[in-house]
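In what follows, every heavy atom counts, from backbone to side chain, and hydrogens, waters and symmetry copies are set aside.
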Amino acid sequence: MTKTIITVLGKDTVGIIARVCTYLADNKVNILDITQTITGGYFNMMMVTDASACEKKLADLSDELTALGEEMGLSIRCMQEDIFSAMHRI
């Protein structure tokens, strides 16, 4: 399993979850866990996904998600779970 962490941050608008999840489904990325909150009009979502069936390299997936985020006025980041965990270890 290739676990990845995807974060989405930005001003809340209609369709954020739909567009991000549609992109992931189109690329055979399975969502294992998802959490989202809206605070003061700002949207925050974190997903744990399995990208093992995705035919793209993780770098390409990450670049395309970043581009999707820019198109939507959001910050979307994607990284391997082990890298995410190492970055947030105390």
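The heavy-atom pair separating Gly15 from Met72 by the smallest distance is O-CE, 4.3 Å. When all heavy atoms are compared, the tightest approach of Ser62 to Cys78 is OG-O, 3.4 Å.
Residue Glu71 places its CD atom among more than 12 non-hydrogen atoms of other residues, nucleotides or ligands, all under 6.0 Å distant.
At a threshold of 4.5 Å between side-chain heavy atoms, the hydrophobic network of Ile, Leu, Val, Met, Phe, Trp and Tyr places Met46 and Tyr23 in two separate groups. Following chains of ILVMFWY side-chain contacts shorter than 4.5 Å, one can reach Val20 starting from Leu61, so the two form part of one hydrophobic cluster. By the rule that hydrophobic residues join a cluster once side-chain heavy atoms approach within less than 4.5 Å of another member, Val29 and Ile31 end up as members of one cluster.
Here the side chains of Lys3 and Val48 are in contact, with some heavy-atom distance below 4.5 Å. No side-chain heavy atom of Ile38 sits under 4.5 Å from any side-chain heavy atom of Asn44.
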Test Ile76 against Leu9 for side-chain contact (heavy atoms from CB on, under 4.5 Å), laying out the working first. CA-CA 7 Å; Ile76 302 179; Leu9 304 166; over 6 Å; no

side-chain contact (heavy atoms from CB on, under 4.5 Å) between Arg77 and Thr66: does it pass, once the steps are laid out? CA-CA 6 Å; Arg77 299 289 178 253; Thr66 298; 3.7 Å; yes

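Remark: Leu58 CG to Met79 CE distance equals 9.5 Å, nearest 0.5 Å. Separation of atoms CE (Met45) and CD1 (Ile16) is listed at 7.5 Å; rounding is to 0.5 Å. Here the straight-line distance linking atom CG of Asp26 with atom CD of Glu64 works out to 11.0 Å at 0.5 Å rounding. Of the inter-residue distances, the one linking Ile17 atom CD1 with Thr22 atom OG1 reads 11.0 Å to the nearest 0.5 angstrom. Atoms CG and OG1, on Asn27 and Thr49 in that order, are 11.0 Å from each other to the nearest 0.5 Å. Here Leu74 contributes atom CG and Thr7 contributes atom OG1; the two are 10.5 Å apart, rounded to the nearest 0.5 Å.
The cationic group of Lys11 does not satisfy the cation-pi geometry with Phe43, failing either the under 6.0 Å distance to the six-membered ring centre or the 45° limit from the ring axis.
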